[in-house]
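Below is one structure; the comments refer to it alone.
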Amino acid sequence: QVQLVESGGGLVQAGGSLRLSCAASGRTFSNYAMGWFRQAPGKEREFVAAINWGGGITKYSDSVKGRFIISRDNAKNTVYLQMNSLKPEDTAVYYCAAAATLAKAVAGTLFGSGGQGTQVTVSS
């Protein structure tokens with residue numbers, strides 16, 4: 001089982017940037033694809049970005065493509081989400097989660113539901 005702790009959220013003005021981190025412990029982090037997901041009030045959790053085990057392949061939702069960058073540092077057991085050009089509609093609780101493959105991360109077939117999440121609020 002992988003334990004995950006997200007951090008880096010906060011309040012930012014539209015057009016600003018934030019960098020989220022997800023620290024993993026437990027089972028071997030580098031064996032798994034990792035994904036970022038978000039849930040806004042009253043909405044279902046949605047896929048944001050995913051990265052394969054080695055970090056060489058990434059996938060993004062259409063709503064964040066070109067603005068967000070997912071990366072990972074397997075030596076630090078950490079995955080990151082660099083969020084640029086933030087918009088008010090990016091406001092949500094952001095979660096990271098592990099998956100067996102990149103495709104499963106994109107599909108939301110995850111090991112557990114992720115960590116406790118970190119709140120991102122973008123003001124207009």
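We number each residue from 1, following the sequence as shown.
Under the 3.5 Å distance criterion, with hydrogens and angles disregarded, a donor-acceptor pair is assigned to the side chains of Ser63 and Ser61. Looking only at atom types and distance, the side chain of Asp73 has no donor-acceptor partner in the side chain of Thr78 under 3.5 Å away.
Figure legend: cation-pi geometry between Arg72 and Phe29, with NZ or CZ positioned under 6.0 Å from the six-membered ring centre and within 45° of its axis. A cation-pi arrangement is absent between Arg38 and Tyr95, since the terminal nitrogen or guanidinium carbon is not both under 6.0 Å from the aromatic centre and inside a 45° cone about the axis.
For the pair Glu6 (side chain) and Cys96 (backbone), a donor-acceptor distance under 3.5 Å is present. Not one N or O on the side chain of Tyr32 forms a donor-acceptor pair closer than 3.5 Å with the backbone of Phe111. Thr28 places no side-chain N or O within 3.5 Å of a backbone atom of Asn31 that could act as its donor or acceptor partner. Put simply, the side chain of Asn74 never gets that close to the backbone of Gly55: no donor and acceptor are under 3.5 Å apart.
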| task | I would like to know whether Leu81 and Ile69 meet side chain to side chain contact (heavy atoms under 4.5 Å, CB included); could you show each step before the answer? | result | CA-CA 6 Å; Leu81 186 68; Ile69 300 172; over 6 Å; no

| query | Would Leu110 and Phe37 satisfy side chain to side chain contact (heavy atoms under 4.5 Å, CB included), going step by step from the backbone distance to the final call? | reply | CA-CA 11 Å; Leu110 309 171; Phe37 304 81; 3.6 Å; yes

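Atoms CH2 and CE, on Trp36 and Met34 in that order, are 8.0 Å from each other to the nearest 0.5 Å. Remark: Leu18 CG to Asn84 CG distance equals 9.5 Å, nearest 0.5 Å. Distance check, rounded to the nearest 0.5 Å: CD of Gln82 to CZ of Arg67 gives 12.0 Å. Taken from CD1 in Ile70 to CD1 in Ile57, the straight-line distance is 12.5 Å, to the nearest 0.5 Å. Of the inter-residue distances, the one linking Gln119 atom CD with Leu11 atom CG reads 9.5 Å to the nearest 0.5 angstrom.
Of all non-hydrogen atoms in Ser124 and Ala14, the two that sit nearest each other are CA-CB, 4.4 Å. Here the shortest heavy-atom pairing between Val106 and Ala50 reads CG2-CB, 4.1 Å. Closest approach of Gly9 to Leu20, counting heavy atoms only: N-CD2, 3.6 Å. Heavy atoms only, all atoms of each residue included: Ala97 and Gly114 are closest at CB-CA, 4.1 Å.
At a threshold of 4.5 Å between side-chain heavy atoms, the hydrophobic network of Ile, Leu, Val, Met, Phe, Trp and Tyr places Val48 and Val12 in one connected group. Criterion: ILVMFWY side-chain heavy atoms under 4.5 Å apart, direct or through other members. Under it, Val5 and Val93 are not part of a common hydrophobic cluster.
Salt-bridge annotation for Lys65 and Asp62: present, with a side-chain N of the basic residue lying under 4.0 Å from a carboxylate O of the acidic one.
A tilted orientation is assigned to the rings of Tyr94 and Phe68, their planes being inclined by 30° to 60°.
Looking only at side-chain heavy atoms (C-beta outward), Ser17 and Met83 stay at 4.5 Å or farther from each other. Annotation: side chain of Asn52 is not in contact with side chain of Thr58 (no heavy-atom distance under 4.5 Å). In this structure, the side chains of Leu102 and Trp53 stay at 4.5 Å or more apart for every pair of heavy atoms.
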